[in-house]
Structures are given as structure tokens and as C-alpha cells.
Protein chains: 2
Amino acid sequence: MSLFDYDPYARGCASRQLLDRIGDRWTVLLISTLEDGPHRFSELSRRVDGISQKMLTQTLRALEADGLVRRTAYPEIPPRVEYELTALGRSLLEPLQALVSWAREHMGEVQASREDARAG
Amino acid sequence: MSLFDYDPYARGCASRQLLDRIGDRWTVLLISTLEDGPHRFSELSRRVDGISQKMLTQTLRALEADGLVRRTAYPEIPPRVEYELTALGRSLLEPLQALVSWAREHMGEVQASREDARAG
DNA sequence: CTGTATCCAGCGGGATACTG
DNA sequence: CAGTATCCCGCTGGATACAG
């Protein structure tokens, strides 16, 4: 069975779309940060070290539009907004976990290979 | 258990490194194209539609340095070069498959959610 | 056939300032 | 607190020309 069964190179391909989404710098980091429950904007800003306010907002908006994250604004003063994974978003944690497991298990070999390549 | 168990935001993090690698436009497409055996440079150029010669070379070099792809040059005229997945490279197919399966199963929902968001 | 070298446009994304 | 708006730099990656 082929990894991709139909025109994997087309823009509309599901696999391609998913990779375009999770391929960016922040999406997976945000999803993993949200795995233990709801978090406020400022919490995310602090926990995902290095992310700018612009990219935090932008990535959250994209995840929300994709139905992976739910945004809840509480009409208080000062305003409070919480973000949490939807069921769909949580379902993505598993395949992501598979990838992370592979990384844990094999990135050492990759690293060694890189250094060999650099050396000679 | 956390998706990431240690400083997932650091540059050196295995997960981050893997995502940086597979996040780019061509890496996963090349790996999937190589899953059915060795291929010549020109074959890859034709099969991965839209890839430029520069990016094909560049991505193959990176995969080779990472130990995921093996390059074999045959001293013939005209020159023939074949690329194939290493055992390490093939082991990456499985977690990639998990991601592709998720995409097949759920990207419809994501797509619907996007259209809802667009509509209002 | 299998590359390498160079140029350059597009845009992702950071820094900064401002707002409800 | 939770954003939005704007400017602008750097890098990815396409096009093109050249080479072993």
C-alpha cells in the first residue's frame, strides 16, 4: 500500500494540507502545550517560549478555523480568553505522538549520521 | 504522559528537529516517492511534480546526510545515480503513515470547519 | 544525465506601536 | 489582558545559466 494513494503532490491532497499545517514552526508546539487542558492567551505566550504575539494569535486563529482548537472568551474585566483542544484536535495527538516517538528513538542515529557527513 | 517530555521548544529538541526536517515542502513527498524502491534522479524529478532541480538536489542531500536515503552513483556514461531509502528511512514510513491516515479520516472535518469559519 | 552556481522575488515572521 | 496594525528583514525556493 502506498503512503499516498492519490496525487500526493496536488495542493488539495489531504496529506499535503495536513503537512502544510503542522509543518510550520508553532502549530505542533501549541497543540502539545494545550494537551493538558485549557490555557489563557498569556499562559500560552509564556509557555511557548520564543513565539511572538503575532504568531501566537495567527496560529491560534488558524487552529480555531480548522476546528482543532476552541476559543472561549469570558466577558469580564479584564478580559479572559481560554483556548482548548477540541475532540478533533485531541485525536491528532496520537499520530503526532507516533512521530515524536520515532524522533526520540531515532534522532540520535540521524544526529550521528549528520556528524559523519560533516566530518567526511 | 506529555507529548513532549523535555523542553520541546529548544532548538536541540529531537521532536523539533524532526518537524523542521519533515515540515518543508518536499521531504515527505520524496520519502513517499522512494517507498517502492530505488529511483534515479530524473525519475524523481518527473514523479515529484513541481519540484525544481535545485530543491530536488538540496532535499536529497539533506536526507542523505541524515542517513535516511542512500545515494549510489554508477560510473557509467552517461552517469546513473540511484536513491533509495535506508532502513532508518523506511522506519520513518510508519509514523508518517499514521499522520496520513489521520488526514484521510479527518481532513474532511477540517475542511468543513474552515468553510464554516469563512462563511461566518 | 546529474548535477552546481547565481540571482532575485515572495512571504513568513519578528519588532514595535497602538487599541478595546 | 488580549489582541490589531504596520514596517521590514531574512530566508526559502524558483528560474536560469553553466559544468563534468
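Proteins come first, then strands; the chains are lettered A, B, ... in the order of their sequence lines, and each starts at number 1.
Scanning residues 36-46 of chain A for heavy-atom distances under 4.0 Å to DNA chain D yields Arg40(A), Phe41(A), Ser42(A). A heavy-atom distance below 4.0 Å to DNA chain D is reached by these residues of residues 60-82 of chain A, ordered by number: Arg61(A), Arg71(A), Pro78(A), Pro79(A), Arg80(A), Val81(A).
Taking the salt bridge (Lys or Arg N to Asp or Glu O under 4.0 Å) definition, one finds that Glu94(B) meets it with nothing, sequence neighbours left out. Taking His106(B) as the reference, Trp102(B) meet the ring-ring contact (aromatic ring centres under 6.0 Å, His included) condition, with sequence neighbours excluded. The salt bridge (Lys or Arg N to Asp or Glu O under 4.0 Å) search around Glu84(A) returns Arg70(A), not counting sequence neighbours. Under the side-chain contact (heavy atoms from CB on, under 4.5 Å) criterion, Ser113(B) pairs with no residue, sequence neighbours left out. With sequence neighbours excluded, the residues satisfying side-chain contact (heavy atoms from CB on, under 4.5 Å) with Asp36(B) are His39(B), Arg47(B). For Glu82(A), the side-chain contact (heavy atoms from CB on, under 4.5 Å) partners two or more places apart in sequence, or in a different chain, are Pro38(A), Arg40(A), Tyr74(A), Arg80(A). Applying the side-chain contact (heavy atoms from CB on, under 4.5 Å) criterion to Ala112(B), with sequence neighbours excluded, gives no partner residue.
For the helix from dC1(C)-dG20(D) to dG20(C)-dC1(D), the angle separating the two terminal helix axes comes to 40°, with each axis derived from five pairs and the value rounded to 10°.
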Filtered N/O pairs between nucleotides 14-18 of chain D and protein, under 3.5 Å:
unit_1	atom_1	unit_2	atom_2	d
dG14(D)	OP2	Ser52(B)	OG	3.0
dG14(D)	O6	Lys54(B)	NZ	2.2

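Summarising the geometry, atom CZ belonging to Arg71(A) is positioned 15.5 Å from atom OG1 belonging to Thr86(A); distances are rounded to the nearest 0.5 Å. Going from atom NZ of Lys54(A) over to atom OG1 of Thr59(A) covers 11.0 Å, rounded to the nearest 0.5 Å. The distance from atom CG of Leu60(B) to atom CH2 of Trp26(B), rounded to the nearest 0.5 Å, is 12.5 Å. The CG atom of Leu44(A) sits 12.0 Å away from the CD atom of Gln53(A) when rounded to the nearest 0.5 Å. Rounded to the nearest 0.5 Å, atoms CZ (Phe41(A)) and CZ (Arg46(A)) are 11.5 Å apart. Here the CD1 atom belonging to Ile31(A) is positioned 9.0 Å from the CZ atom belonging to Arg21(A), to the nearest 0.5 angstrom.
Atom P of nucleotide dT4(D) and atom CD of Gln58(A) are separated by 11 Å, given to the nearest angstrom.
A donor-acceptor pair is defined here as one N or O able to donate and one able to accept, closer than 3.5 Å; such a pair exists between the side chain of Ser91(A) and the backbone of Leu88(A). Using modelled atom types, no side-chain atom of Thr27(B) and backbone atom of Asp24(B) make a donor-acceptor pair closer than 3.5 Å.
Bounding nucleotides for the chain B contact on DNA chain C, 5' to 3', at a heavy-atom distance below 4.0 Å, are dC1(C) to dC7(C).
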